[in-house]
Amino acid sequence: MNQKYTIALLPGDGIGPEVIKEAVKVLRSLEKILKIELILNEVPVGGAAYEAEGHPLPANTLNVAQSADAVLLGAVGGPKWEKIDFSLRPERALLGLRSHLKLYANLRPAKVFPALVDASSLKKDLVDNLDILVVRELTGGIYFGEPRGVDTLVDGSRRGFNTLVYTEEEIKRIARVAFDVARKRNKRVVSVDKANVLEVTGLWREVVSEVHSEYDDIILEHMYVDNCAMQLVRLPKQFDVIVTTNMFGDILSDEASMLTGSIGMLPSASVGGKTAMYEPIHGSAPDIAGKGLANPLATILSVGMMFKYSFGREEVNHKIESAVESVLDQGIRTRDILSHKMIEVSTEEMGDRVVSELEK
Ligand code: NAD
């Protein structure tokens, strides 16, 4: 019997549906090549779901996501929904999906494809062959800690506060994710904290070291977040896997990914629960939506991560990465990564080119 996978497709808003359409071409092509069966269930999310059903994450969308083997999301948000109540904004769907699917670890590779080495703002020798993975804790820390809010002091002035909190269990599980993925890479983990100032990240450092005792094949180093931010632009190739808290990870993963210079190229995975979620790191890009200008490669590479992390098929991820690399080597570019003497193609043509490389 053929292997069968159910994938929830959540295209969302702006360029979301355009890039998901190209990822679907890739999935249908893989279905033929690998002789597998893929059930693709498409449901609305974000602004599209708000328009259709009055909520950015309708119950049916959540059900379809929860019962799938993996979720592929495009992007959500746009100017049209900027003025509606905070709780109904398209971006709230992301938080809802992460918490319901129990996705406590966000994996963000920052990889430089040889053909795009000049897209980085750093010198070529600093970034060629760069391959970093940031593992960000996603469901705890200061973004979720209580108490939080803004109150008024007795003198009438206002005070804002948030709470940075991590339990030992939360630190242990994210540390394990980092050490496990490092095992499949170059076996080096840098754990990032601010242990010199924040007690909670002192605990983070202690617990990560304790978990490390179960992984004697992995080299662990601790680094303060300010130093890490500096080292990422000074000598980025010193890193393999970086593991850190929700807020530090939010900032450092953006910094690391921008070393590659191409937002349209970067995939991500959010894992931890039964069903993982895969998405490009970019947003809905309302400025280019509907114009055939969106780069679908981040979403196509997210499909690769899905095969690697959800379906245990690392070789399929390699196959997709190689197909993307060949297309880039031929000088094929969407506008965002276009440079001198390269051939500009539309979103759809880029998808077609990847498929034809896969099917070679
Ligand atoms: P953005 O990532 O959508 O766009 C930033 C810039 O990069 C724009 O100039 C855009 O044209 C370009 N760009 C992004 N993806 C591209 C692609 N695949 N190909 C070519 N160019 C691409 O970020 P933004 O403008 O800050 O946000 C726009 C909307 O997206 C907002 O509503 C924001 O809240 C939302 N957003 C959603 C997600 C998500 O769904 N995960 C993430 C970030 C932002």
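Just so it is clear, the model here is predicted, and its values are computed rather than measured. Index from 1, following the sequence.
- Panel note: side chain Lys124, backbone Ser120; no donor-acceptor pair is recorded below 3.5 Å.
- No donor-acceptor pair under 3.5 Å is formed between the side chain of Arg92 and the backbone N or O of Pro56.
- Applying the ring-ring contact (aromatic ring centres under 6.0 Å, His included) rule to Phe179 yields the partners His212, Tyr215; only residues at least two apart in sequence or on another chain are considered.
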*Applying side-chain hydrogen bond (donor to acceptor under 3.5 Å, both in side chains), run through Glu349 and Ser346 and close with a yes or a no.*
CA-CA 5 Å; Glu349 285 170 85; Ser346 66; 3.1 Å; yes
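- Taken from CD1 in Ile320 to CD in Glu325, the straight-line distance is 13.5 Å, to the nearest 0.5 Å.
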For residues 141-151, which side-chain N or O atoms pair as donor and acceptor with protein atoms under 3.5 Å away, sequence neighbours left out?
from, atom 1, to, atom 2, distance (Å)
Tyr143, OH, Asp250, OD2, 2.8
Arg148, NH1, Tyr143, O, 2.7
Asp151, OD1, Arg159, NE, 3.2
Asp151, OD2, Arg159, NH2, 2.9

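- In this structure, Tyr5 and Phe307 have perpendicular ring planes: the angle between them is above 60°, well past the 30° mark.
- Proximity of a side-chain donor or acceptor of Arg136 to a complementary backbone N or O of Met247 within less than 3.5 Å is not detected.
- Residues Ser191 and Trp204 have side chains that bring a donor and an acceptor to within less than 3.5 angstrom of each other.
- No side-chain donor-acceptor contact under 3.5 Å links Thr6 to the backbone of Ala68.
- Not one N or O on the side chain of Thr260 forms a donor-acceptor pair closer than 3.5 Å with the backbone of Val112.
- Glu137 and Thr244 share no side-chain donor-acceptor pair at under 3.5 Å.
- Proximity of a side-chain donor or acceptor of Ser262 to a complementary backbone N or O of Met265 within less than 3.5 Å is not detected.
- Glu37 and Gln3 form no side-chain donor-acceptor contact under 3.5 Å, judged by distance and modelled atom types alone.
- The local environment of NZ in Lys102 is sparse, with at most 12 non-hydrogen atoms from other residues, nucleotides or ligands closer than 6.0 Å.
- A salt bridge links Lys32 with Glu359: the closest approach of a Lys/Arg side-chain nitrogen to an acidic carboxylate oxygen falls below 4.0 angstrom.
- Of the possible polar contacts, one joining the Asp155 side chain to the Ser157 backbone as a donor-acceptor pair under 3.5 Å is found.
- Looking only at atom types and distance, the side chain of Glu51 has a donor-acceptor partner in the side chain of Trp81 under 3.5 Å away.
- In this structure a side-chain-to-backbone donor-acceptor pair under 3.5 Å is missing from Lys274 to Asp69.
- Atom CZ of Arg353 sits in a sparse spot, with 12 or fewer heavy atoms from other residues, nucleotides or ligands closer than 6.0 Å.
- Between the side chain of Glu22 and the main chain of Pro296, no donor-acceptor pair closer than 3.5 Å is present.
- Looking at Ser270 and Tyr104, their side chains never bring a donor and an acceptor atom within 3.5 Å of each other.
- For the pair Glu18 (side chain) and Gly290 (backbone), a donor-acceptor distance under 3.5 Å is present.
- Salt bridge status for Lys308 with Glu315: absent, with no side-chain N to carboxylate O gap under 4.0 Å.
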